[in-house]
Amino acid sequence: MAMADITVRGAGIFGLSIAWICARRGARVQVIDPFGPGAGSSGGLVGALAPHVPENWNAKKQFQFESLLMAQDFWRDVEHAGGVSPGYGRTGRLQPINDDRVLDLARQRESTAAQLWRTDAGQQAEWRICATEEFGGWAPPSATGLVIHDTLSARMHPRRACGALVAALKAQGVAVGADGTDQGQVVHATGHAGLLNLNQTLGKTVGKTIGNGVKGQAALLRHDAGEVPQLYADSLHIIPHADGTVAIGSTSEREFENGTETDAQLDDILARARAAVPILQGAEVIERWAGVRPRARSRAPMLGPWPGRSGHFISNGGFKIGFGMAPKVAEVMADLLLDQIDAIPAGFRVEDNL
């Protein structure tokens with residue numbers, strides 16, 4: 001077998017996406033993960049590709065905006081190549097407007113979205129105020145009878161998306177192996193475990209924690225809501241998937257003993273979701289899930305060369321927005337690896353976490 005140009009260590013969403021873009025550009029790629037594809041937090045259930053609010057714009061929000069716009073073509077190409085659906089759909093999102101303060105903010109953001117959610121091609125998405133009646137029985141309870149409808153949000157099934165990338169890579173002649181020897185340039189996209197390793201290496205040299213893990217718990221319900229927007233209510237993401245299920249999530253636990261064990265906190269989330277969306281009251285819970293999401297010190301994805309380690313690169317810290325950021329992260333990392341073009345924005349560099 002020919003030597004690889006790129007070795008990707010980690011078969012979560014960042015690792016698989018980078019491998020896919022590099023392979024499409026003609027690079028010889030190998031992916032190595034001893035636990036298999038989507039074994040960590042990328043193998044979850046929720047899949048809310050939701051933007052930050054359109055205000056106080058910064059490099060992180062712009063990067064995410066561009067990535068969300070790239071997502072439709074990215075996932076269409078993945079599905080076409082491998083024949084496996086990632087469950088992607090730009091179905092939008094609804095949030096309740098419960099008082100005058102939230103209504104005033106919504107009106108301000110309606111205006112700023114018209115300015116910020118634009119490209120040279122024109123308006124790309126809206127943040128608009130609507131009556132709950134427009135959405136029938138699929139809308140969160142709202143004290144004012146109004147909701148925010150943003151048309152930029154999308155949904156996907158994380159576990160299926162990882163499977164779709166594996167199938168697309170296989171079609172390109174790239175397999176995901178459990179072990180192997182580093183060849184060519186090496187990308188470390190190893191999630192929570194990778195951040196802990198960086199704490200012990202880079203972190204010790206500067207006396208700082210590079211990143212940590214935040215546990216999340218989620219559940220999957222059997223309920224076919226159809227092609228309707230995702231909901232954000234009572235700090236919960238409620239995501240209708242294309243396969244006739246609804247995902248509910250999630251907790252954000254900084255302290256935990258077992259990162260893959262569910263507990264009473266998930267029961268509370270389910271109760272709150274059913275209170276917010278009564279149509280889910282009788283829906284069967286078909287899966288309970290927990291995982292640890294990698295959160296870099298900067299709270300943005302951590303991208304770029306590994307300081308002091310020539311030929312090695314880091315792509316980590318997707319936290320809650322990894323799937324939404326993945327298309328743009330993959331493009332930027334492929335630019336760096338294959339063409340030596342450094343388009344990593346301020347705040348996303350490895351050094352920003354030191």
Side-chain angles (χ1 to χ4, degrees), residues 45-58 60-61 64-65 67-69 71 88-118 123-156 158 216-219 221 223 225-241 245-252 268-281 283 319-321 323-325:
L45 306 173
V46 180
L49 310 187
H52 288 90
V53 294
E55 63 185 12
N56 301 323
W57 213 239
N58 56 33
K60 180 180 178 182
K61 291 185 178 184
Q64 184 198 41
F65 172 67
S67 190
L68 291 173
L69 294 184
Y88 174 85
R90 188 169 153 183
T91 52
R93 176 179 58 169
L94 303 179
Q95 303 176 69
I97 298 174
N98 286 321
D99 55 44
D100 289 341
R101 183 190 65 83
V102 175
L103 180 57
D104 288 342
L105 278 173
R107 285 174 175 151
Q108 293 172 30
R109 291 166 179 169
E110 195 171 35
S111 175
T112 54
Q115 303 168 37
L116 297 170
W117 287 358
R118 292 182 62 86
Q123 194 69 40
Q124 299 299 317
E126 295 181 319
W127 177 288
R128 62 193 188 98
I129 299 167
C130 307
T132 56
E133 287 83 356
E134 288 188 32
F135 303 95
W138 186 259
S142 170
T144 64
L146 300 172
V147 292
I148 299 159
H149 180 209
D150 90 68
T151 63
L152 183 55
S153 291
R155 58 99 170 101
M156 70 179 346
Q217 299 186 49
L221 279 59
H223 178 82
E227 289 291 305
V228 294
Q230 61 183 271
L231 308 180
Y232 184 72
D234 194 14
S235 300
L236 299 177
H237 294 281
I238 302 169
I239 313 298
H241 284 309
T245 62
V246 172
I248 310 295
S250 62
T251 62
S252 289
D268 175 65
I269 278 181
L270 283 165
R272 287 161 51 202
R274 285 170 166 153
V277 188
I279 199 172
L280 298 177
Q281 288 286 356
F319 193 30
K320 297 181 180 180
I321 55 176
F323 277 83
M325 292 287 208

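D99 contributes atom CG, which lies 11.5 Å from atom CG of L146 (distance to the nearest 0.5 angstrom). A distance of 4.0 Å separates CD1 of I279 from NE2 of H223, quoted to the nearest 0.5 Å. Here the CG atom belonging to L236 is positioned 10.5 Å from the OG1 atom belonging to T251, to the nearest 0.5 angstrom. F323 CZ to R155 CZ: the interatomic distance, rounded to the nearest 0.5 Å, is 14.0 Å. Rounding to the nearest 0.5 Å gives a distance of 8.0 Å between CD1 of I239 and OG1 of T91. Remark: T151 OG1 to R93 CZ distance equals 11.0 Å, nearest 0.5 Å.
The aromatic rings of Y232 and H237 sit tilted, their planes meeting at an angle between 30° and 60°.
Closest non-hydrogen pair, A154 versus R90, comes out as CB-CA, 3.6 Å. Taking each heavy atom of L221 and A283 in turn, the nearest pair found is CD2-CB, 3.8 Å. The minimum heavy-atom distance between I129 and E110, with the atom names listed, is N-OE2, 3.3 Å. Between Q123 and A114, the shortest heavy-atom contact is OE1-O, 2.9 Å. Residues S252 and K320 come closest through the heavy atom pair OG-NZ, 2.8 Å. The two residues V147 and P96 have their closest heavy-atom pair at CG1-CA, 4.1 Å.
A distance-only check finds a donor-acceptor pair linking the side chain of S142 to the backbone of I97 [under 3.5 Å]. A donor-acceptor pair under 3.5 Å links the side-chain atoms of T112 to the main chain of R109, judged by distance alone.
With sequence neighbours excluded, the residues satisfying side chain to side chain donor-acceptor pair (under 3.5 Å) with D234 are R272. Remark: A139 pairs with L94, T132, F135 by the side-chain contact (heavy atoms from CB on, under 4.5 Å) rule, at least two apart or across chains.
Between I238 and L280 the shortest side-chain heavy-atom distance falls below 4.5 Å. At a threshold of 4.5 Å between non-hydrogen side-chain atoms, the residues Q230 and L49 do not count as touching. Under the 4.5 Å side-chain criterion, counting only non-hydrogen atoms from C-beta, L103 is not in contact with T144. Annotation: side chain of W138 is in contact with side chain of V277 (closest heavy-atom distance under 4.5 Å). A 4.5 Å side-chain heavy-atom check between Q124 and L152 finds every atom pair outside the cut-off. Inter-residue side-chain proximity for M325 and F319 is flagged as unmet; no heavy-atom pair is nearer than 4.5 Å. You'll find the side chain of R118 stays beyond 4.5 Å of the side chain of F65, heavy atoms only.
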Residues L45, H241; criterion side-chain contact (heavy atoms from CB on, under 4.5 Å); working and verdict = CA-CA 9 Å; L45 306 173; H241 284 309; 5.5 Å; no
Does the pair H52 and K60 meet the rule for a side-chain contact (heavy atoms from CB on, under 4.5 Å), with working shown?
-> CA-CA 9 Å; H52 288 90; K60 180 180 178 182; 3.9 Å; yes
What's the verdict on side-chain contact (heavy atoms from CB on, under 4.5 Å) for V53 and W127, showing C-alpha distance, side-chain angles and the deciding distance?
-> CA-CA 9 Å; V53 294; W127 177 288; 3.9 Å; yes
